[in-house]
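Reminder, nothing fancy here: chain letters follow the sequence lines and each chain counts from 1.
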Amino acid sequence: MNNIFEKIREQIRTVTREAFASCEQNGLLPAIELPDIVVEVPRERGFGDFSTNVAMQVSKQAKLPPRKTAEILVPELNLSGTYIDRAEIAGPGFINFYLSKNWLFDALHLIQERQERYGEVDLGKGKKVNVEFVSANPTGPLHMGNARGGALGDCIAAVLEKAGYDVTREFYINDAGNQIERFGLSLEARYLQHFMGEDQVPFPEDGYHGEDIIEHVKNYIEIHGDALLSKTPDERRQTLVDYALPINIQRIREALASYGIEYDVWFSEKSLHDSGAVAETVEFLRQSGYTVEKDGAIWLNGEKLGLEKDEVLVRNNGVPTYMAADIAYHRNKFITRGFDWAINLWGADHHGHVARMKAAMVPFGIEKDKLEVVLFQLVRLYRNGEIARMSKRTGKAISLGDLIEEVGRDAVRFFFNLKTSGSHLDFDLDLAVKQSNENPVFYVQYAHARICSILRKLAEEGVTPRPVDKVNLALLQEKEEEELIRKLAEYPEEVTLAAKTLEPSRLTRYVLEVASTFHSFYNACRVRGEEEELMMARLILVDCTRIVIRNVLELISIQAPEKM
RNA sequence: GUGCCAGUAGCUCAGCUGGAUAGAGCAACGGACUUCUAAUCCGUUGGUCGGGUGUUCGAAUCAUCUCUGGCACGCCA
């Protein structure tokens, strides 16, 4: 058992179920089909440590007012062998459970025992899950959307790992299709412009206008000169793409690495075309009757899949669409590679694609639910209270690299993981660099550094933590101490919830609460200089706090400094 | 026009599988450093949960209508 909360909830459910059974046997209550018994932590501490509303839920079946049901039930609760001291009835019919402090001390034991593995839970049971995120077009640098998707995706992957899933982090390289075509045309235009003059060569309307295209061409010409002028346009574009694309991909890799993200798999879209997987996938859909042909193109049959409209899979020029490749890609994930679950992180502007992709799994016998798409809202950067679009240094659109350079990796990752994915995110650049109490990143890091400082000071005096079973934790009686232990005990529960909701941001908020609770403790209680037994107990508490803060920060890939 | 997401304190956001008196941070105001890091803490102020109706013992949470903002509706990805 590595989640005390779960253990307590199970105890409460068990004693409650048994009490219902015994009431039924004694004829005190009619036979009742129990719902899932909801156990929660009441908002008010005065309402006990945990509570359940089960008496209210069954009031109809019991044919009694909820309070009356509770009054019959509570005396039948057999609390022996549990953490529960007593149960009381309150309000409209809540049953409030008051626990012995032992559960808190057990939580500290657990933390000491598990150390850096404290917080791990076995929700996933080794299920194979693929988390695909960023997957940016390799036609230019990473932007703010990629930055948020990157932080989110990496943290979702990390949370799922802690929750017992077998996680693969994957980047889908869009190195084929239309945008590569445009990339090639843009490079070619810049190349020709270099030799013939800008006004002599038209630039494609939907081309990539970025400076980086010109830079690629300039570098290419420095190495290879004007040899491409005599080639065919096809050869010219291919050569330029073959030159520039790997450079862009390498830059993306490096930007993400400096952002703290390492992938297990870089999956090439082109490889799906080259291997024939795309054609094969379309053919399979055609033969299974999931396509229609009209206007010389092959369409996915929307009606048959419950979609609003048909979607083109193969254009009338014979070139498959992104959609076709994407279906082949997900078929590969589930069938070729056997993932039990695939999570994709997409910007909210792609939400229209969600229903289509899920529906497109059906012909392959893949349940829709196996594909989960996490949509995240876009990011607005603020500087001096105004929307910032340009990098301070370069004057160009702000890239992930610029952002990290300006505010630091820790702050970027922290802020992108502070809000739920569904909410719009305003990123305040001024706040992120501020080294003050306004900045939550430092607030958490400071708590960690403070703890390390206590441990260091005491170690210098020859005082080190004793094994926890040789410490009298019952000496921790102050309310600040209790609050802190409670907070630390929640961590496995937080990981579980973050994994279930795919919402790692709650861990960022959680670690802020841990820091806050610790700071309150710090101001109320001393460790150093207290009587030895109390000092030892507090030393354990402080060390447990260090472990939890460090574990969370590591999970969200933020430094836990020992000094500040 | 249709669909998706959002609307909670001055600001940024939690809470949303219905639960007890709606929370946090920042901002504002007032306090706390002889003592392990004051990048900290303690206290005060601050709300028609966008609005209406409904469902029920109970609604920020569910349903429905409506207003506002963002986005999507392509042989783009």
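Going from atom OH of A:Tyr322 over to atom P of B:A77 covers 9 Å, rounded to whole Å. Between the CD atom of A:Glu490 and the C1' atom of B:A14 there is a distance of 14 Å, rounded to whole Å. For the pair A:Lys309 NZ and B:C75 P, the computed distance is 7 Å after rounding to whole Å. Going from atom CG of A:Asp426 over to atom C1' of B:G70 covers 12 Å, rounded to whole Å. Atom pair A:Phe442:CZ and B:A38:P shows a separation of 17 Å (rounding to whole Å applied). Rounded to a whole Å, the CZ atom of A:Arg526 is 10 Å from the P atom of B:A38. The separation between A:Lys457 atom NZ and B:U35 atom P is 11 Å, rounded to whole Å. If you take CE of A:Met323 and P of B:C76, they are 14 Å apart, rounded to a whole angstrom.
Backbone-only contact: A:Gln377 has heavy atoms under 4.0 Å from sugar-phosphate atoms and none from a base. Within 4.0 Å (heavy atoms only), A:Asp295 reaches at least one base atom of the nucleic acid. A:Arg380 comes within contact range of no nucleotide atom at all, as no heavy-atom separation falls under 4.0 Å.
Side-chain N/O atoms of A:Arg43 include one lying less than 4.0 angstrom from OP1 or OP2 on B:A20. One finds a side-chain N or O of A:Tyr443 lying less than 4.0 angstrom from the OP1 or OP2 phosphate oxygen of B:C41.
Applying the Watson-Crick and G-U wobble criteria (two distances, each under 3.5 Å), B:U64 pairs with B:G52. Nucleotide B:G10 forms a pair with B:C26, judged by Watson-Crick or G-U wobble geometry with both contacts under 3.5 Å.
For B:A77, the base has no donor-acceptor partner in the side chain of A:Asp349 [N/O atoms by modelled type, under 3.5 angstrom]. With hydrogens and angles ignored, no donor-acceptor pair closer than 3.5 Å exists between the side chain of A:Asn178 and the base of B:C76. One donor-acceptor pair, N or O on each side, does fall under 3.5 Å between the base of B:C71 and the side chain of A:His351. For A:Ser423 against B:A14, no side-chain N or O and base N or O form a donor-acceptor pair under 3.5 Å.
Side-chain proximity of A:His424 to the nucleotides B:G69, B:A14, B:A77 is greatest for B:G69. Here the nucleotide nearest the side chain of A:Tyr522, chosen from B:U40, B:C42, B:C36, is B:C36. Of the candidate nucleotides B:C75, B:C5, B:U37, B:C75 has the atom nearest to the side chain of A:Val312. Among B:C13, B:A77, B:G19, the nucleotide with an atom closest to any side-chain atom of A:Phe94 is B:G19.
Between A:Phe416 and A:Phe427, the angle of the ring planes lies from 30° to 60°, which puts this pair in the tilted group. Ring orientation note: the planes of A:Phe5 and A:Phe50 are nearly perpendicular, at an angle over 60° on the 30°/60° scale.
Using modelled atom types, one finds a donor on one side chain and an acceptor on the other under 3.5 Å when comparing A:Lys333 with A:His330. At a cut-off of 3.5 Å, with distance as the only test, a side-chain donor of A:Glu170 or A:Asn130 sits close to an acceptor on the other residue.
Heavy-atom distances to RNA chain B give each of A:Arg528 and A:Arg506 a nearest nucleotide, and the one nearer the 5′ end belongs to A:Arg506.
Between the side chain of A:Arg509 and the backbone N or O of A:Leu418 there is at least one donor-acceptor pair closer than 3.5 Å.
Aromatic ring centres of A:Phe267 and A:Tyr329 lie closer together than 6.0 Å.
Both stacking criteria are satisfied for A:Phe47 over the base of B:A20: a centre-to-centre distance under 5.5 angstrom and an angle between ring planes under 30 degrees.
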